Amino acid sequence: MDRGTERGAPPSRGAGNGTADGPAAAGRVPLAVVVVDRDGMVSHWSRGASRLFGAAKEEAIGRSAADLLPVSGALAEQDTPPYGMYAGYDGLGPDLESSLDGGLSYPAAGRARLTVPGADRVDVLWWAYPLVGPGRERLLVLAADAGALRRDLDLDEGTVAVERIAPAFALHTDFPGADELARRLPEILPSMSVGESARIVAQILELGYPVMEFSQNDRVPVTPDWGVPRRAERRARRERAARAAAQGLPLPQAEPDEGEDLEYVAVRERLEFLNEVSGKIGTSLDLSRTIVEVSRAVVPRFTDVAGTYLREQVVAGEGFPDGVPDTTTMWHRVALEHTDEPGRWDDVVPVGEAMPFPAHTPFFQCMTTGEPVLVPRISEQMGHAIASQFEKRDIRPLITGRSMLVVPLKARNVVLGFMILLRHPERVEFNDMDRVTGAELAARAGLVLDNARMYTFQESVAETLQDSMLPHIPPRMAGCDIATRYLPGTLLGRVGGDWFDSVKLPGARTALVVGDVMGHGLNSAAMMGQLRTAVQTMAALDLPPAQLLRNLDDLAQRLGDSYLATCLYAVYDPIASELHIANAGHIPPVIVRAGDGRSELLDLPTGAPIGVGGVPFEAVRVRVAPGDRLLMCTDGLVEVRGEDIGVGLATLTESAAHPAASMDDACDAIIRALNTRGGRKDDVALLMARLNGIEPDDVAEWRISLDPVEVGRARAVVREQLHDWGLGRLADGAELMVSELVTNAVRHSHRRPVELRLMRGDSLLCEVDDDDHDLPNLSSAGPTDEQGRGLRVVSTLAREWGASRTKAGKTVWFELTLPRR
């Protein structure tokens with residue numbers, strides 16, 4: 001048999017002119033090529049199709065393929081002719097009919113006898129390939145006159161000289177339109193190489209010379225065999241037998257070679273196996289789970305050992321790997337399934353190990369060519385070469401003598417990884433049909449893995465975006481402790497418009513914010529980022545809550561009218577023990593009283609959502625006591641589809657009242673109480689603040705008149721107060737910074753006296769207020785400059801400092817870290 005047909009040589013225009021290359025090269029026969037679109041209409045009809053089926057191209061294009069291709073017909077009533085069961089059925093058979101109707105999602109092939117107008121009955125071989133690309137084409141049908149092939153090979157009618165017949169295509173690519181289909185064909189026929197795909201493209205479009213040729217190493221997914229019975233023929237045989245029995249006639253003689261059924265069964269089992277594997281992999285978009293599914297799907301039915309290796313970028317859930325793999329590319333062993341005794345492989349080839357592969361190995365050949373590599377038996381020499389990659393571990397007993405198949409895991413023509421498949425020495429070796437099956441398996445697995453990789457990558461990007469937009473709030477602010485939680489929604493995208501924030505304000509006050517942009521996805525997240533930035537900016541201006549929401553609504557109107565948002569803004573004053581709150585369409589906060597543990601929803605004016613425009617906002621003041629807890633959240637925590645929101649608010653209020661060891665424990669308890677109801681799909685933002693207050697003994701205030709002499713008094717009272725608080729070690733630095741700030745305030749104030757305040761909490765806070773609205777700037781002072789050094793001193797000595805405008809002017813402040821006791 002010819003194993004090496006010259007597939008790139010130009011074919012002859014006739015049925016074949018014998019050459020010295022053997023019967024296969026001399027026996028090329030033109031193929032009929034038919035392309036069927038998604039409506040079942042013929043979109044391409046080659047000259048070979050016109051010859052074989054008796055219809056001109058002009059008559060065929062645009063007509064129903066089922067009307068042109070004789071897929072079924074009446075059973076012949078004559079005795080069985082030499083071709084046996086094939087002659088009894090007039091038509092190409094129900095498998096092709098199913099392919100035309102879209103009933104088969106996998107390649108099919110067959111052999112039949114059919115009646116062609118103006119000609120004798122013709123023995124036909126056909127192949128049907130579903131086209132899964134993005135275009136209109138749905139099915140590629142190839143057919144040939146097998147009788148012409150037999151005549152050209154000069155074979156006796158009962159002689160079978162070859163085992164398989166496969167379609168082949170001559171090299172001819174200078175035809176307009178080939179480029180477009182060439183780009184899609186690897187998706188249409190993933191089991192074929194790029195070179196073969198190019199030839200197929202050229203011949204489909206050219207009306208030229210697709211041919212049949214012979215090889216035991218064909219690359220098409222399914223090929224018919226001489227003498228392989230099809231279901232249609234077996235059905236015809238059963239019907240003839242039944243008819244003969246009904247008429248009392250002798251039963252037709254059965255075909256002697258029942259073993260021929262075995263090859264057809266083998267082909268069908270391969271297809272069933274691939275369909276079964278397809279159903280087992282890709283059940284989720286979780287990359288880790290998908291990797292395990294791919295490995296387990298082939299053991300033990302197809303192989304005894306399956307090791308899966310992926311490129312580093314794929315494992316990390318990063319972008320698509322760049323460039324062709326080389327000897328420096330790191331491959332991570334992500335899964336290993338086997339039928340050996342437990343633990344035999346675990347120590348030698350542990351999952352999670354990363355390693356490169358040398359150029360001389362079959363693994364490198366597979367990853368660089370993107371083609372399967374078949375090693376019928378791993379020899380001692382190859383086993384030693386492979387084992388040399390594993391330091392201090394002898395892998396030879398595990399692999400030597402086994403049959404090996406290495407298949408690439410590809411997506412969009414990029415190798416993501418590969419699978420190493422090994423069979424026990426006593427099991428039948430991998431063969432060419434296994435290689436085709438493994439390639440098809442790997443093609444499907446590669447697409448599934450790439451889907452999971454892309455989902456993981458997009459999810460990581462979304463979470464990174466969301467995390468970058470959410471603030472990292474310190475657990476302690478002046479006079480309060482804060483804990484937060486954010487839960488992404490279960491809807492696709494995992495990003496939304498929920499946010500929380502806290503802003504340090506003058507007078508040891510803290511602004512607490514929770515907001516929710518309606519909708520999901522990146523647009524809502526971007527809108528949320530804009531609103532959050534605006535809130536921070538306006539809070540730093542110390543705007544009252546109602547005015548801040550008014551300005552935020554105006555901003556939303558300028559940004560566009562396609563988004564609405566709710567927002568709850570509260571200012572906590574730990575010295576006055578008071579909350580100043582305004583609401584813009586948000587669910588009310590919960591207050592948990594420290595005295596009796598009672599919790600309640602605060603009764604606030606609801607207000608309209610941000611973005612409605614032209615509506616007023618109101619603010620209320622709420623008295624609080626040290627130890628009270630304020631709970632602010634978005635509606636995703638309390639709202640469940642099909643349930644009244646009042647049920648969720650009641651559950652929130654009840655769960656907030658339960659005592660907890662810490663703020664974090666309290667947040668977790670609330671999440672558990674409301675998240676177990678099921679049905680939550682929205683994002684959740686939760687902020688809890690324990691309002692500790694600041695004791696009067698921890699606050700000291702002075703009024704400084706606008707006289708430069710008063711700067712000395714300011715230094716003296718600060719030093720004295722720090723010694724009274726036991727913070728004498730901070731006196732020198734604090735005194736110097738207070739001197740600089742008070743000097744500037746006295747110099748720039750207009751009428752109102754300067755106010756100086758010290759507050760002792762987790763840190764030492766000093767604030768200086770004056771009635772000048774111009775904020776100081778940190779600048780560089782030259783050797784001869786008389787001004788500009790004060791803020792430089794403050795910036796150098798203070799842990800943190802800042803300045804903000806107030807209604808009456810401005811506040812400049814600094815913080816110092818308290819010494820350890």
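Keep in mind it's a predicted model, so treat the numbers as computed, not measured.
Residue pairs meeting the side-chain hydrogen bond (donor to acceptor under 3.5 Å, both in side chains) criterion with at least one member in residues 505-519, sequence neighbours excluded: Arg509-Asp542.
Note on Asp732 versus Arg719: salt bridge recorded, some NZ/NE/NH1/NH2 to OD/OE distance being below 4.0 Å. Under a 4.0 Å N-O distance rule, the pair Asp668/Arg485 qualifies as a salt bridge. Between Asp771 and Lys810 there is no salt bridge, since no side-chain nitrogen of the basic residue lies less than 4.0 Å from a carboxylate oxygen of the acidic one.
Put simply, the side chain of Asp573 never gets that close to the backbone of Glu578: no donor and acceptor are under 3.5 Å apart. Side chain of Thr651 to backbone of Val647: a donor-acceptor contact under 3.5 angstrom is found. One N or O on the side chain of Tyr572 and one on the backbone of Gly693 form a donor-acceptor pair closer than 3.5 Å. Of the possible polar contacts, none joining the Glu755 side chain to the Arg703 backbone as a donor-acceptor pair under 3.5 Å is found. Between the side chain of Thr537 and the backbone N or O of Thr533 there is at least one donor-acceptor pair closer than 3.5 Å. Checked by atom type and distance alone, the side chain of His586 pairs as donor or acceptor with a backbone atom of Cys633 at under 3.5 Å.
Side-chain contact, Asn583 with Thr606: no donor N or O sits under 3.5 Å from an acceptor N or O. Side-chain polar atoms of Asn551 and Gln547 form a donor-acceptor pair below 3.5 angstrom.
Between Leu531 atom CG and Leu559 atom CG the span is 7.0 Å, to the nearest 0.5 Å. One distance of note links OG of Ser804 with CH2 of Trp813; it measures 8.5 Å at 0.5 Å rounding. The line from CG of Leu637 to CD1 of Ile671 is 5.0 Å long, rounded to the nearest 0.5 Å. Between atom CE of residue Met688 and atom CG of residue Leu512 there is a gap of 12.5 Å, rounded to the nearest 0.5 Å. Between the OG1 atom in Thr817 and the CD atom in Glu800 there is a gap of 9.5 Å [rounded to 0.5 Å]. Note that the CD atom of Gln536 and the CG atom of Leu541 stand 12.0 Å from one another [nearest 0.5 Å].
More than 12 heavy atoms of other residues, nucleotides or ligands shown are found within 6.0 angstrom of CG on Asp596. The number of heavy-atom neighbours closer than 6.0 Å to CD of Glu600, taken from other residues, nucleotides and ligands shown, is above 12. Atom CD of Glu701 has more than 12 neighbouring heavy atoms from other residues, nucleotides or ligands inside a 6.0 Å radius.
Residues Val754 and Trp702 fail the side-chain proximity criterion, which asks for heavy atoms closer than 4.5 Å. Looking at Val699 and Arg757, their side chains come closer than 4.5 Å, going by heavy atoms from C-beta outward. Side chains of Arg690 and Ile482 form no contact here, defined as non-hydrogen atoms less than 4.5 Å apart. Considering only heavy atoms from C-beta on, Thr806 stays 4.5 Å or farther from Asp769 through its side chain. With contacts defined as side-chain heavy-atom distances shorter than 4.5 Å, the pair Val615/Phe617 qualifies. Under the 4.5 Å side-chain criterion, counting only non-hydrogen atoms from C-beta, Tyr569 is not in contact with Leu552. Counting heavy atoms from C-beta on, the side chains of Val513 and Arg532 never come closer than 4.5 Å. Using a 4.5 Å cut-off on side-chain heavy atoms (C-beta onward), Val746 and Asp707 make no contact.
Across Leu631, Leu652, Val592, a single residue satisfies side chain to side chain contact (heavy atoms under 4.5 Å, CB included) together with Ser599, and that is Val592.
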Practice prompt. Report the C-alpha distance between Glu740 and Leu791 in whole Å, list the side-chain angles of each, state the deciding distance to 0.1 Å, and finish with yes or no for side chain to side chain contact (heavy atoms under 4.5 Å, CB included).
Written response: CA-CA 7 Å; Glu740 296 293 343; Leu791 285 182; over 6 Å; no
Exercise. In sequence, state the C-alpha distance, the side-chain angles, and the governing distance for Thr634 and Asp498, and then conclude on side chain to side chain donor-acceptor pair (under 3.5 Å).
Key: CA-CA 7 Å; Thr634 55; Asp498 292 22; 2.8 Å; yes
(request) Evaluate side chain to side chain contact (heavy atoms under 4.5 Å, CB included) for Lys504 paired with Glu815, printing each intermediate quantity in order. (result) CA-CA 12 Å; Lys504 181 185 295 186; Glu815 282 187 4; 2.9 Å; yes
For side chain to side chain contact (heavy atoms under 4.5 Å, CB included), just list the numbers for Arg713 and Glu710, CA-CA rounded to whole Å, side-chain angles, deciding distance to a tenth of an Å, and then say yes or no.
-> CA-CA 5 Å; Arg713 186 173 75 87; Glu710 290 290 282; 3.0 Å; yes
Salt bridge (charged side-chain N to carboxylate O under 4.0 Å, His left out) assessment of Arg550 paired with Asp554 | CA-CA 6 Å; Arg550 172 73 271 152; Asp554 292 340; 3.2 Å; yes
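Not counting sequence neighbours, Glu720 has no partner by the salt bridge (charged side-chain N to carboxylate O under 4.0 Å, His left out) test.
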